[in-house]
Amino acid sequence: MSTITTGFIAGVPAEVVEHAIPKPVEKTDRIKTVDMVRGVALLGILLMNIPIFSFDEIIIHDLFTGPHDSTDFKTFEVVLAFFDGTMRGLFSMLFGAGMVLFLMNKKEKPGGPSVAELYYRRLLWLVLFGLINAYILQWPGDILFYYGLLGMMLYPFRNSSPKLLIVIALGFMFIYMGKGLWGYSDTREIRLRYTSAIQAEKEGKKLTTKQEEDKEAWLNIEKRREPDREKANENIAEMRGSYAGIFSFLVPINGRNEFVWMYYWAFWDCLFMMFMGMAFYKLGFFSNSYSTKTYSLLLLLGYGIGIPLGYFYMKGNVDGWYMGAFLDQYRVPPTIVYDIRRLFLCIGHVSLLMLIYRSRIVPWLMSALASVGQMAFTNYLMQSIICALFFYGYGLGYYHTLKYHQIYYVVFSIWVFQLIFSSIWLRYFRFGPFEWTWRTLTYWKKQKML
């Protein structure tokens with residue numbers, strides 16, 4: 001296959017070779033379906049990011065402990081069941097696919113930078129953009145930093161077979177599942193020792209020092225789960241303040257998110273999907289190369305497994321809010337299906353997109369989505385800018401003022417804007433403005449824009 005794509009989610013420039021000189025891909029050489037899927041992932045991830053822009057985290061406590069028949073809670077349930085993790089999963093899969101695309105069509109040029117040098121240079125710039133997004137644009141949920149660092153681990157596996165890549169991906173998934181089970185088991189053990197101490201207390205027995213410690217250990221866990229409303233009000237006031245004030249407030253939060261969570265979460269979560277994306281691209285899944293029958297079967301398989309697991313996952317989160325009773329009831333948490341669920345939902349999402357694309361029911365929408373995907377790097381950073389200006393104090397100041405379901409009106413408005421903006425922009429320019437900057441820095445040569 002000679003045609004390839006570019007884009008932010010791929011994490012690397014996907015380019016064609018002309019006279020063995022590396023340069024950005026021409027517009028006519030793109031795989032439109034990859035851009036289309038990337039566009040859907042880019043717009044969809046805002047569904048998950050918008051609450052972090054909009055509210056203090058105490059909103060989650062209020063949702064779970066409030067009425068479960070409200071519009072807010074029903075909205076939360078739908079997003080949690082069907083979208084949580086899946087859009088980021090598509091991002092990560094396309095990142096892995098992009099590494100394969102990049103290396104398939106690059107050749108070494110005597111005296112020039114090696115393919116590996118361009119690849120790693122590209123990722124180092126991505127790490128810097130991630131830090132800018134987190135600290136300067138003030139988005140504490142940035143993922144570019146993770147992608148830039150973790151993408152460096154993909155290069156040694158560039159020539160691996162799809163089978164090996166899937167095995168490696170599943171290895172990351174099972175390790176992460178094991179870590180989750182280990183942590184749950186430890187917490188459940190503390191709970192069991194607590195209930196044993198309480199039972200002894202009810203029977204009128206004098207508790208030993210160890211039983212007193214067991215009781216105190218569980219009570220401390222419950223205490224940490226109780227919301228500190230005074231602290232929450234202070235956080236809300238900070239986010240409604242000046243740019244400088246918000247910057248200072250977010251510095252420790254960004255430090256924790258970008259560095260501490262790299263090991264505890266991002267390493268396993270992202271690499272699982274990145275390796276799966278490499279395998280899926282080599283198998284032709286993203287490039288519209290399967291038959292309609294195959295995509296239809298994959299749609300049924302993906303949604304047939306993913307949707308029930310999504311509901312099960314959502315119910316596990318809801319039930320798990322009341323932690324004591326949950327630990328007493330479940331030896332294994334229902335949320336263990338998280339990665340399995342999102343993998344099958346991603347397969348369903350992509351298969352559905354391929355079938356819609358082939359049907360030509362809404363070609364204007366497919367074209368607009370591809371434009372969003374082609375400018376995904378610009379659109380991702382634009383979402384940070386728009387949301388900060390809408391919610392934070394130095395902008396319109398809507399932080400923690402809207403109802404939960406109302407923030408999705410903001411999401412829809414941003415979707416419409418980015419679909420229109422991207423389509424118009426690409427009529428006149430080869431790249432989005434941030435794509436142009438990224439490529440210029442990677443090749444250390446000013447790129448043609450018009």
Does the ring centre of [Y] sit less than 6.0 Å away from the ring centre of [X]?
X	Y	result
Trp265	Tyr146	yes
Phe145	Phe259	yes
Tyr338	Tyr313	yes
Tyr176	Phe272	no

Neighbour count above 12 (heavy atom, 6.0 Å) for [X] [atom1]:
X	atom1	answer
Lys163	NZ	no
Tyr135	OH	yes
Phe412	CZ	no

Check for a donor-acceptor pair, side chain of [X] on one end and backbone N or O of [Y] on the other, with a separation under 3.5 Å.
X	Y	answer
Gln138	Tyr243	yes
Tyr380	Ile143	yes
Glu57	Ile52	no
Gln418	Val416	no
Lys282	Ser160	yes
Trp425	Phe431	yes
Tyr399	Glu238	no
Ser367	Pro363	no
Arg240	Gly393	no
Arg158	Tyr155	yes

Any [X] side-chain heavy atom under 4.5 Å of [Y] side chain:
X	Y	result
Phe377	Trp438	yes
Phe95	Met273	no
Val34	Arg38	yes
Phe280	Leu165	no
Trp415	Leu47	yes
Ile58	His400	yes
His349	Val40	no
Pro333	Phe326	yes

To the closest 0.5 Å, what do you measure between [atom1] ([X]) and [atom2] ([Y])?
X	Y	atom1	atom2	value
Leu144	Leu128	CG	CG	10.5 Å
Arg341	Ile307	CZ	CD1	11.0 Å
Met274	Met278	CE	CE	10.5 Å
Ile50	Phe55	CD1	CZ	9.0 Å
Ile407	Phe391	CD1	CZ	6.5 Å
Cys270	Met262	SG	CE	8.0 Å

Item to check | Donor-acceptor side-chain pairing of Thr440 and Gln447 below 3.5 angstrom | outcome: no
Checklist entry - Would Ser92 and Tyr147 count as having a side-chain donor-acceptor pair, cut-off 3.5 Å? => result yes
For [X] and [Y], work out which heavy atoms get closest and say how close.
X	Y	answer
Gly316	Pro334	CA-CB, 3.9 Å
Tyr408	Pro51	OH-CG, 3.8 Å
Ile385	Leu137	CG1-CD2, 4.0 Å
Tyr295	Ser351	O-CB, 3.4 Å
Leu150	Ala266	CD1-O, 3.5 Å
Asn379	Ser422	ND2-OG, 3.0 Å

Next on the checklist: The test is side-chain contact (heavy atoms from CB on, under 4.5 Å); show your working for Leu90 and Met87 and say whether it passes.
Outcome noted: CA-CA 5 Å; Leu90 287 179; Met87 297 298 110; 4.2 Å; yes
Item to check | Pair Lys231 + Asp56, salt bridge at N-O below 4.0 Å | outcome: no
Item to check | Set of residues satisfying salt bridge (charged side-chain N to carboxylate O under 4.0 Å, His left out) with respect to Glu77, sequence neighbours excluded | outcome: Lys74
Item to check | Leu389 and Leu396: CA distance, side-chain angles, deciding distance, side-chain contact (heavy atoms from CB on, under 4.5 Å) verdict | outcome: CA-CA 6 Å; Leu389 291 175; Leu396 297 180; over 6 Å; no
Next on the checklist: Angle between ring planes, Tyr263 versus Trp268, binned at 30° and 60°: parallel, tilted or perpendicular?
Outcome noted: perpendicular
Next on the checklist: Would Tyr428 and Leu450 count as a side-chain contact (heavy atoms from CB on, under 4.5 Å) here? Give the steps.
Outcome noted: CA-CA 6 Å; Tyr428 303 100; Leu450 293 176; 5.6 Å; no
Item to check | Criterion side-chain contact (heavy atoms from CB on, under 4.5 Å) on Arg88 and Asp269, from CA distance to verdict | outcome: CA-CA 9 Å; Arg88 188 183 65 254; Asp269 180 282; 2.9 Å; yes
